[in-house]
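Step one of this worksheet: look at the structure below.
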Amino acid sequence: MTPWWHEAVVYQIYPRSFLDTNGDGVGDLNGITAKLDYLEWLGVDCLWLTPIYPSPMADFSYDVANYTDVEPLFGDLAIFDHLLAAAHGRGMKVILDWVPNHTSSHHPWFVDAVSSPSSAFRDFYIWKKGGADGTPPNNWVRAWVDAPAWTYDDTSGEWYLHCFLAEQPDLNWANPAVRTAMAETLRFWLDRGVDGFRMDVIHLLGKDPAFADDDEELKGLGHVVLNNRPETHPYLREIREVVKHYDGDPLIVGEVYLLDPAAVAEHYGNGDELDLAFNFQPLFTPWRAPAWKDAITAAYATHDPRHAWPTWVLNNHDASRVVSRLKSIERAKVAAVLLCTLRGTPFLYQGEELGLENAVLGDGEVIDPGFRDGARAPVPWGSGPGHGWPVAPWMTFPPNAATTNVEVERGEPTSMLTLYRDLIGVRKESTALRRGSFSWVDAPSELLVYRRSEGNDVRLIVCNFSHDSVGFSVDGRLDFATGRDHHEGFDGIVRGDEALIFSIPA
Ligand code: NOJ
Ligand code: CA
């Protein structure tokens, strides 16, 4: 049986910026429930909510102060249960974001741990002596800025490790008590009926027991992208055991933020670790057909031998939006076709279906410690001044919100929203696109052409990476075109910045 997440289209929600319903300017869980009709209409199968737990918001909820409750800004447990039931009632799954590498410094475990070296929770975190000259225990650099991943604690004279902010101390996964306590947090939500988890920086769990320096040449990248450790894999197998004990085959999809696709694929284990891991290559691959061909080939070459099902991602809350990256809505439409027709599970990020650009912030408006505000702007639902929000939201809307919004785009045949809905529809009707085999087809260098096939269902996907028209003959029926001037059928000319999907004879 094909697992549900092979065929699902997953939609990431950043609750703070989705929709506010109680007039405090911050999106909330009731805002998600209010838009389930929209999400069902769009055709997505699974919602991933970025963290909804109580948090001081030093890293916008990736600093968790309590893993088993809901942040009051977003709602409460009863409101969450209502959202979950309403999503399930529409046949949609809901997965939560689990943040196991670090807690908030306000989490009761850390508050206790920092109070005394003899705290029962001291060993929940990672404490080390520094150099005699006042230097940190090693040269590891934290995320986002060139600063040590260690903070000195005056009381004990020891340093604690934080691969992100000082307000996000790393948990000590080598301590079995940490693993037991974190397993309980998974069970808490699985018992409530959630359908799985997106697992934050999951490759960070295992740490080098020697805490050796990072390679001096690479350390500027930050320890997060360098921490590829064998110790992580048994922890993943334990986590899987906890989750797979539940009915409904809950999904575990990991953020494995390592640059090498082979290293990412290792975190699927032998089918006994993650179900899926994000493949972030599209975020970094230049918009040229040969570069994408190499990236796609590398993803399949590393995943296929392990029977590891790939994933595709164009946007998330940490990255520049694809329209801004490619500087073209037409190219972003081609990218959308790749996302939904390559073999693997597509992950969309709220507002991607509208073709949103990054918000433009003035001096002093950047508040994210990782400088990622631009991709986190509120979703514009309508054309009026408030764009469907009851009061001015916590941050500025993306550019062109008067026209780039759900209300306008729903009625517009050439909009990104119409395109995404149609594309998801084409995918839903095609077993070849959802789970068929993949093979390259020879084509001129500006084009990427590939075939997806399952039984009698055979599709040919043609993507033009250049601005110019390219001749290419196809014996088949045109099902879908990003450029919408093919009503009379295909004339052997792929227009510039256009992608096409054909059904071809088996
Ligand atoms: C990855 C998350 O996607 C990002 O938003 C967060 O800042 C870090 N992990 C730390 O939790
Ligand atoms: Ca609110």
Side-chain angles (χ1 to χ4, degrees), residues 12-35 48-53 55-65 67 70-76 79-80 83 95-105 107 142-145 149 161-171 182 197-205 222-225 227 253-258 264 277-278 280 283 311 313 315-320 347 349-350 366-376 378-379 381 386 388-395:
Q12 177 190 356
I13 295 186
Y14 193 72
R16 164 177 287 269
S17 294
F18 195 66
L19 177 64
D20 172 28
T21 57
N22 64 347
D24 62 2
V26 177
D28 42 53
L29 297 187
N30 279 330
I32 301 171
T33 310
K35 293 298 180 187
W48 148 31
L49 313 186
T50 58
I52 59 169
Y53 320 108
S55 165
M57 302 283 171
D59 184 18
F60 291 97
S61 79
Y62 283 94
D63 47 324
V64 177
Y67 289 95
V70 170
E71 160 63 39
L73 271 174
F74 297 151
D76 58 27
I79 291 172
F80 174 76
L83 163 59
I95 66 171
L96 293 185
D97 210 315
W98 189 56
V99 189
N101 177 65
H102 42 267
T103 69
S104 161
S105 53
H107 193 291
R142 78 162 174 86
W144 308 316
V145 293
L161 178 68
H162 51 88
C163 288
F164 292 89
L165 302 176
E167 293 87 345
Q168 294 167 292
D170 279 40
L171 282 165
M182 290 306 288
F197 300 91
R198 177 266 189 190
M199 303 195 155
D200 190 61
V201 285
I202 199 75
H203 64 293
L204 281 185
L205 298 191
H223 185 68
V224 172
V225 297
N227 191 86
V253 49
E255 183 196 28
V256 178
Y257 209 84
L258 296 168
V264 173
F278 292 122
F280 292 126
L283 302 177
T311 66
V313 178
N315 293 274
N316 62 37
H317 63 297
D318 293 332
S320 170
F347 284 77
Y349 172 49
Q350 69 184 39
V366 172
I367 52 175
D368 171 46
F371 322 105
R372 300 156 295 184
D373 311 63
R376 300 176 173 186
V379 173
W381 295 97
W389 286 62
V391 297
W394 68 285
M395 83 171 276

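In each ligand, atom 1 is the first atom listed, and ligand 1 is the first ligand listed. Only a predicted model underlies this, so the values are computations on that prediction, with no experimental measurement involved.
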Task: Test side chain to side chain contact (heavy atoms under 4.5 Å, CB included) applied to L49 and I32, step by step - done: CA-CA 10 Å; L49 313 186; I32 301 171; 4.0 Å; yes

Go ahead and list the nitrogen or oxygen contacts between ligand 1 and the protein that come in under 3.5 Å, distances to 0.1 Å, or just say none.
unit_1, atom_1, unit_2, atom_2, d
ligand 1, 3 (O), R198, NH2, 3.1
ligand 1, 3 (O), H317, NE2, 2.9
ligand 1, 3 (O), D318, OD2, 2.5
ligand 1, 5 (O), H317, NE2, 2.9
ligand 1, 5 (O), D318, OD1, 2.7
ligand 1, 5 (O), R372, NH1, 3.3
ligand 1, 7 (O), D59, OD1, 3.2
ligand 1, 7 (O), D59, OD2, 2.6
ligand 1, 7 (O), R372, NH1, 3.0
ligand 1, 9 (N), D200, OD1, 2.8
ligand 1, 9 (N), D200, OD2, 3.2
ligand 1, 11 (O), H102, NE2, 2.9
ligand 1, 11 (O), D200, OD2, 2.7

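The aromatic rings of Y67 and H107 sit tilted, their planes meeting at an angle between 30° and 60°. Relative orientation of the Y62 and H317 rings is parallel, given thresholds of 30° and 60° on the angle between their planes. Using bins of under 30°, 30° to 60° and over 60° for the plane-to-plane angle, the ring pair F278/F347 lands in the perpendicular bin. Ring pair Y349/Y14 is perpendicular by interplanar angle, where above 60° counts as perpendicular and below 30° as parallel.
Atom CG in D28 sits 11.0 Å away from atom CG in D76 (nearest 0.5 Å).
With a 4.5 Å cut-off on side-chain heavy atoms, R16 and R376 do not count as touching.
A donor atom on one side chain and an acceptor atom on the other are not found under 3.5 Å apart for T50 and D97.
Taking both residues in full, the closest heavy atoms of S104 and A65 are given as CB-N, 3.9 Å, listed atom of the first, atom of the second, then distance.
Around the Ca ion (ligand 2), the protein N, O or S atoms closer than 3.0 Å are D20 OD1, N22 OD1, D24 OD1, V26 O, D28 OD2, listed by chain and residue number.
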